[in-house]
> 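Okay, handing you the structure first.
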Amino acid sequence: MGSGGMIVLDETSSMVDVAKYFMEFCKSESCGKCVPCRVGTAHMYDLLDKIGRGEGTARDLERLENLCDVVQATSLCGLGQTAPNPVLSTLRFFREEYESKLVREPDSEPALAGEASA
Amino acid sequence: MMRDVLLKTAEAERAVKDEKKHSIRICTAASCLSCGAEKVRKAIAEKVKAAGREDTAVAGVGCMGLCAKGPLVTVDGPETMYAEVTEEDAADIAASLDNGPVERIRCDTTTPFFQRQEKIVLENCDRINPERIEDYIAADGYLALTTAVLERQPFDIVDEIVRSGLRGRGGGGYPTGLKWSTVAKAPGPMKYVICNADEGDPGAFMDRSILECDPHRVLEGMAVAAYAVGASEGYIYIRAEYPLAVKRLKLAIRQAEKMGLLGKNIAGTDFSFSIDIRLGAGAFVCGEETALIASIEGQRGQPMPRPPYPAESGLWDSPTLINNVETFANIAPIIRKGADWYAAIGTETSKGTKVFALAGRINNTGLIEVPMGITLREIVYDIGGGIPDGKAFKAVQTGGPSGGCVPASLAETPIIRSTTNLCRSSDRSWGPAA
Amino acid sequence: MNVRIVTLSIDGRDVGAREGQTILEVAGENGIEIPTMCNLTGLKPIGACRLCVVEVAGSRKLLSACTTGVTEGMQVTTDSERLRNYRRTILEFLFTEGNHTCAVCVSNGKCELQELARKLGMNHVDVPYRYPRRDVDATHPRFVLDHNRCILCTRCVRVCDEIEGAHTWDVMGRGIDSKVITDLHQPWGSSTSCTSCGKCVHVCPTGALFEKGHSVAEMAKRRQFLPYLSTMRGAKE
């Protein structure tokens, strides 16, 4: 899998969109055999879509990172184990792009509200 | 076939080439074909014939790299290159043999895109006709295989690959020599060699280009590997979305079999090795080796947990060597020129060169081969010619869905087989050492 | 036959094992329970549900206990905070993927998925339910397939192929759209390969496969036959 393709991105590219594109790819290419990859990529894609639409909360971002960890650690093959990489690397270097798209926690979801701005 | 026959073929082929004063080469890889290279080739051949120039050879060859500006044509070597050639330019190009280069469509080959590259895997691409085995033989083709089977012991070949420091080019970066020696040591009456050509990463076309432009190089690498590990059957698992590569591979296998370079008793020795092609049906996961094996076996293309690794128990539970296209393409030059020569290229930890497919927001999209240790900045700005429309360079997404995004801020770090935590498990991708 | 004995440590305990055994088997023999779902004694292990992943010293990756053979000196950890969290999340994945409404399920109280969730302390889900639209196939005269409750463990596929030898079941599609099918995606009732032996029904861990005539919480599965049949089959081969 990962080999020598280089896709150059300029300032107009949204890193959340890039991560979402690759997650959509992994979701549709997951073979469906193991649970973390089959279901995890679908959930991660939904969360990236939600954040990309400007409807995600800080709690969603935290969920996304947690899912990345689970899918990376427990998937059966390289596809699932590396599927979170585009999310993790964009989060590492372009976290502000994710955070700028977040909305305030709705009141019905009080969990971790204090950490939302951290 | 004995080696003197091979050498005679090479000599005869070179003699034919020497008779011709001029050569016009047209890129006929997928990218240039898609923008009309075949029409250009026909038009140039007609004009040359009409001009009565029997001293000029017109040939379709493999990829010249600068896919952004296809169709590409060279006249008498890579220095005189024409870009975005159309049928209307054919007359001018034919006339240029007397009148000098056509400056109107000439492409500057003194730029870093051409000068900064170092070609091992792609060395033949822009000069041989991929559909003629004689072209490959004239370029020292199958010399590595015949030398190996006639003069060297299998363990000696494995040792050469170990010392070269070559690592798998498919993304995992596992030491190739170590993999070979594991398979060589594995007991079993039957062993297999598989070439993984199920290239599926979005934006990647290295393997396709190699197979379209120099299919014999991959066959030779596989045959050398089979001799080294003791395999007698091989498969190329290639995705069906690469029809041109499949067509050229099939042709190449037939040609090699006809000349006794594949099949029974290769080069007159006891060593036999046959290669079959298996087409992928469009599943990305079949690039994963255990899923690929399941698919060849006729099962649903799903991975199995490792261990056991295919080197111990792979295809039909036999020891199986799986390498990627680009890895096999490195074998013949290593055997021909020696491990020390190869190990001197690149960096301390990452030897040799790497082929990259440049795509996205960059001026010179295309296929490049660079020594390990080059920086991302050199690739993007020097070779790649920078970002179009005066926009700022932001990041490079490398290694496909299993890779990561390398930000512009890390552009100065050298490209090696990344051993650091770019994205916590980035040891599967080729990228800068952060 | 010459059987080599290896010693390894599981959760700090030194244990002996026969070479060729899996971590799961050796742990079980020593009273160490590792949660499983797709695995069933008598069927070929496939390492698909990933609930049985364990930490092995020297391996960066977690390994599925059901498929990984024991080796001399191996150090295995089957239980840790990290593993418990992963297993709970995997269970959450299973619950959110389908439509598991225990209160109206024939297997309520007799369901392996439900039981495992209770055991592992999964008391809520952190990811949204997906509420997929899925079909029910009641065309077979005696059995029903309810895709809503299927967790794709493929026990039915394997028992039908490996034990019964009919290979009526298989998986179609991929990723989140995968589903089990009979024959070439024909209604179960019109399957020409199905022998109506019912093994698939009884190895199914949830209420996805059940016998007609059972109401809520009435479908108890009997799978004691499986080790016996697989031993017989192994002896024959």
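Here the structure is a predicted model, which means the values were calculated and not measured. In the text below, chain A, chain B and the rest are named by the order of the sequence lines, each starting its count at 1.
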> By side-chain hydrogen bond (donor to acceptor under 3.5 Å, both in side chains), which residues pair with B/Ser31, not counting sequence neighbours?
none
> By the definition side chain to side chain contact (heavy atoms under 4.5 Å, CB included), identify the one residue from A/Val18, A/Val87, A/Leu91 that meets it with B/Cys405.
A/Val18
> How far does OG of B/Ser402 sit from CZ of A/Phe25, to the nearest 0.5 angstrom?
9.5 Å
> With only heavy atoms counted, which part of A/Thr12 is less than 4.5 Å from chain B, the side chain, the backbone, both or neither?
side chain
> Are any side-chain N or O atoms of A/Glu11 and backbone N or O atoms of B/Ala392, one a donor and one an acceptor, separated by less than 3.5 Å?
yes
> I need the residue from B/Met304, B/Glu326, B/Glu289 with the largest number of non-hydrogen atom pairs under 4.5 Å to chain A.
B/Met304
> What I'd like to find out is whether the side chain of A/Lys33 reaches to under 4.5 Å of the side chain of B/Arg300, using heavy atoms alone.
no
> CZ of A/Phe94 to NZ of B/Lys394: how many Å apart, nearest 0.5 Å?
6.0 Å
> Where the side chain of A/Asn85 meets the backbone of B/Gly404, is there a donor-acceptor pair that is under 3.5 Å apart?
no
> Name the residue from B/Val406, B/Val380, B/Ile415, B/Thr365 that meets the side chain to side chain contact (heavy atoms under 4.5 Å, CB included) definition with A/Met6.
B/Ile415
> Ion pair present between A/Asp10 and B/Lys391, side-chain N to carboxylate O less than 4.0 angstrom?
no
> In Å and rounded to the nearest 0.5 Å, what is the CD to CG distance from B/Glu288 to A/Leu79?
8.5 Å
> Only counting residues at least two apart or in another chain, list the ones meeting side-chain hydrogen bond (donor to acceptor under 3.5 Å, both in side chains) with A/Ser13.
none
> Quick one: pull up OG in A/Ser28 and CZ in B/Phe284 and give me the separation to the nearest 0.5 Å.
10.0 Å
> Tell me, for B/Ile387 versus chain A, whether the close heavy atoms (under 4.5 Å) come from the side chain, the backbone, both or neither.
side chain
> Is there a donor-acceptor pair under 3.5 Å between the side chain of B/Arg169 and the backbone N or O of A/Gly4?
no
> Report the distance from atom CG of A/Leu76 to atom OG1 of B/Thr290, rounding to the nearest 0.5 Å.
7.0 Å
> Around atom NZ of B/Lys69, are there more than 12 heavy atoms of other residues, nucleotides or ligands at under 6.0 Å?
no
